[in-house]
Structures are given as C-alpha cells and as structure tokens.
There are 2 protein chains.
Amino acid sequence: MNSPTPPDAVVRAWARLERAHRTAQSTVEARLKKAGLPPLAWYDALLELERADPAGLRPFELQKEMLFAQYNLSRLVDRLEAAGYIARSASEEDGRGQRLTITKSGRAIRRRMWPVYADAITAAVGSRLSESEATTLGDLLGRLYASA
Amino acid sequence: MNSPTPPDAVVRAWARLERAHRTAQSTVEARLKKAGLPPLAWYDALLELERADPAGLRPFELQKEMLFAQYNLSRLVDRLEAAGYIARSASEEDGRGQRLTITKSGRAIRRRMWPVYADAITAAVGSRLSESEATTLGDLLGRLYASA
DNA sequence: TCCATATTGATGCATTTGCATTTATATGAA
DNA sequence: TTCATATAAATGCAAATGCATCAATATGGA
C-alpha cells in the first residue's frame, strides 16, 4: 500500500521472469505436443503421484503441490482419470475426500514423456546456462516463493 | 533428440521457474483484480503503446514485444479497443495492416494501475531479494530468452 | 506483368480457465 | 448433542486460450 516505485533491478527481474517463463514454457509445450504427448501439467501431476505413497494423494494435496486453483485441479483430475492415467477412490479417513493413485498406463505415459521433456528443458535452460549458473538461478527463484 | 537427463541443477532451475512465476503472477493478478483494475496483460500492452512513437504500433509488433500468440493478441486488442483504451486505424503503409494507438483514457488507466502493480512487484520480488540479487536474477533470466 | 508464396490480421469452434456457488462431510464450541 | 463454521471437492456459466483456417494484401521471382 505504500507504492514507491521498486528499484529498476527489481522491475527488470520481474519483467524477465515473465518473458523467460513464457519462452521456456512454450518451448516445452510445443515439443510435447509435436511428439503427440499430453501437456506439461499432466506430467507434473503424474510425477507427484508416482513419487507419493502407494496410497496416493488427496486432491487438495496435489493441488497445493502444483499451486493449482482448486477448480482447475478438480478438472485436471477429471481429464487424467478419463484418460486412464489415474484412479480416484473414496478416502477412508475423510468422507468428503478422495484418494488419487497413478495407474500402470499413467506410469507408462509419464515415462514416455520424459525424454521429450528432458530435451526441452535442455533447450530452454540447460543449453543456455552453466551448471553453476543454473544453481544460482534456482536458488534465487526459490526465494521468490519461499513461504516466509 | 539426444535426451540425456539434464543436470539436476538445470531441472531444478526449470521447476522453480515454473513455481516462482506462478506464485508471482498470481500475486500480481490478484492484487489488480482486488483493486478493480484490468489484468496484467492490459498494462503491458498499454505500456508498450505509451512508449512507442506517437504513430503507435502495428499489431504484429506488439505481438512480438509481448510474446503473444497472434490470435491472442488480436483478441486482446479487441478488448482494449472495446474498453476505449486504444484506437485502431488502418495502416497507411500496408493495406493489410493496422496501427494501434493508446487513448487518453488508456493512459489514465495505466497510470492508475501502476501503484498497485508496483506494490505487487515489491511483494513478489523486491521484498525477497536484494537489489544485487535482483540484478543477478534478471541477468540469468535474460539469458533464457536471448535469441542466439 | 503474372503468379506462387509470404505476411497481416480475423474468426469459428473446441478446450481450458476463472468465478461463484453448491453439496457433503468434519470440527469445535456452547 | 447441536449448531455454526470450516474444509473437500464438483459444477454451471462466462471469459480467455489454442487450433486451424480464411481473406486480403504484399513481395519477389520468372
């Protein structure tokens, strides 16, 4: 609520965050699509589920993990289920809730996506920064969403 | 096409680019909305037009500047025009083209948006990084979309 | 000049996102 | 126990995005 103009360096970092993200993002999505694979968000969701307990995740957990809006996650889950990549089952602990688990074919598609995704990450980031630069970048970006 | 897994630091930087962007973006959009102001993209477009020649910009120029898809820009322009913030006129040099200029009320709304936007940038970036960190971040992000 | 090709911008249609609200269950205080 | 409130998840409807394509003009050879 004060609104002194932020320092130039800050505004520049913000603006470039936008641009860099948009550029990298569209590289990745374009390559996935070109390979006839599902979009990035599907990968992320499947990876989270694959990493999770065999018991799976509650939708709201996945939602927080992915920083998705609740209604968007609900629909992403619809699509993943319709595609047969995940299964929904009623939660035992909580009558309101569900539990999501990855299916065999979910694992398979995630595995098939990875090489394409990996190449895209290389194109978008790896080929442009040294490892130590990437580390620095990752650290600084991490600060932008650290809770405190 | 090779697909060796990229170094960890690279994957981490990519993942954090996503998260940081999503977080910062939603902070900014939420604050603009809460203040009853138009979305971020409107600001960007208006700023570009305000910075441009008094003669304005061609849609395709704005499109490149903003890294927007052509059809998205076309519709953004529709909305801005409908809101009275920009004016379209036929291009003199090119019979296919148009020329976009910002209107008085376009300037006004952009000016009204700035304090809210500035605060949001501070919240999302400025309050989390020192100026020199912001500079480093900006430099590294710039590399992610440098043409070469 | 004429034509094949490229560029500018718009648009119909499908998908996705955003918003507001709803349904159902859980929780905690009186 | 009972009720007010909070949380989990879904959904109807509107707005935005993505995709493919189109119409109109430009451009650069043959």
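Every chain is numbered from 1, with letters handed out A, B, ... down the list of sequences.
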>> How many whole angstroms separate atom CD of B/E29 from atom P of D/dA15?
In response: 17 Å

> Whole Å only: how far is the CD atom of A/E93 from the P atom of C/dA26?
Replying inline: 11 Å

> Mapping A/W42 and A/R96 onto DNA chain C by nearest heavy atom, which one lands closer to the 5' end?
Replying inline: A/W42

>> B/D94: which residues meet the side-chain contact (heavy atoms from CB on, under 4.5 Å) condition with it, sequence neighbours left out?
In response: B/R58, B/S91, B/R96

>> Angle between ring planes, B/Y117 versus B/Y43, binned at 30° and 60°: parallel, tilted or perpendicular?
In response: perpendicular

>> Let me spell it out: for each of B/P39 and A/K33, pick the nucleotide of DNA chain D with the closest heavy atom. Which residue's pick is nearer the 5' end?
In response: B/P39

> Is it true that B/E93 and B/R99 have a side-chain N and a carboxylate O under 4.0 angstrom from each other?
Replying inline: yes

>> Could you tell me how far apart A/R99 (CZ) and C/dT25 (C1') are, to the nearest whole angstrom?
In response: 16 Å

> Is the phosphate of D/dA10, meaning OP1 or OP2, less than 4.0 Å from a side-chain N or O of A/R88?
Replying inline: yes

> Going by heavy atoms closer than 4.0 Å, what residues in residues 48-82 of chain B are next to DNA chain D?
Replying inline: B/Y71, B/N72, B/R75, B/R79

> So how far is it from A/L141 CG to B/E18 CD, rounded to the nearest 0.5 Å?
Replying inline: 11.0 Å

>> For the CZ atom of B/R88 and the CD atom of B/Q98, what is their distance to the nearest 0.5 Å?
In response: 5.0 Å

> B/R12 and side-chain contact (heavy atoms from CB on, under 4.5 Å): which partner among A/L137, A/V125, A/D139?
Replying inline: A/D139

> Just how far, in rounded Å, is P of C/dT17 from CG of B/L40?
Replying inline: 18 Å

